[in-house]
Q: 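My questions will all concern the structure given below.
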Amino acid sequence: MPAYVISEVRIRDERLADTYMKLAAASIARHGGRYIVRGAEPLRLESWYASDDYAEALSIREDALDRRLLFVPGIAGA
């Protein structure tokens, strides 16, 4: 069964983070995993809900849940 993981990271040490990412990527690959997005700066689009068909959902969203909607470009051919 396919699964997707989004990992939001705050880097504290560039050198150690680089080493970690290389080791983690190798481990992920050995277990059949692959990156479809990596290191992309997400684009936040929280103010674009102008369509009539989304208006009712938008009117209750803030009371119903907290959400971050992020878009990132994919890797070509992934």
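Keep in mind that the numbers below use all heavy atoms, side chains included, and drop hydrogens, waters and symmetry copies. Start at 1 with the first residue, then count along the sequence.
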Q: Taking only residues two or more places apart in sequence or in another chain, which ones pass side chain to side chain contact (heavy atoms under 4.5 Å, CB included) with V5?
A: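 For V5, no residue satisfies side chain to side chain contact (heavy atoms under 4.5 Å, CB included) once neighbours in sequence are set aside.
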
Q: Name all residues meeting the side chain to side chain donor-acceptor pair (under 3.5 Å) criterion together with D53; count only those two or more places apart in sequence or in a different chain, and write none if there are none.
A: S51

Q: Please find the pair of heavy atoms, one from L16 and one from D13, that lie closest to each other, and give the distance.
A: N-OD1, 2.9 Å

Q: Quick one: side chains of residues 19-30, donor-acceptor pairs under 3.5 Å with protein atoms, not counting sequence neighbours, listed by atom name and distance.
A:
residue, atom, partner, partner atom, Å
T19, OG1, R15, O, 3.3
K22, NZ, D18, OD2, 3.1

Q: What pairs with I6 under side chain to side chain contact (heavy atoms under 4.5 Å, CB included), at least two apart in sequence or on another chain?
A: none

Q: Going by side chain to side chain contact (heavy atoms under 4.5 Å, CB included), name the residues that satisfy it together with D66, two or more places apart in sequence or in a different chain.
A: none

Q: Could you grab the distance from atom CD of E56 to atom CG of L58, nearest 0.5 Å is fine?
A: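 Spacing of CD (E56) from CG (L58) equals 11.0 Å.
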
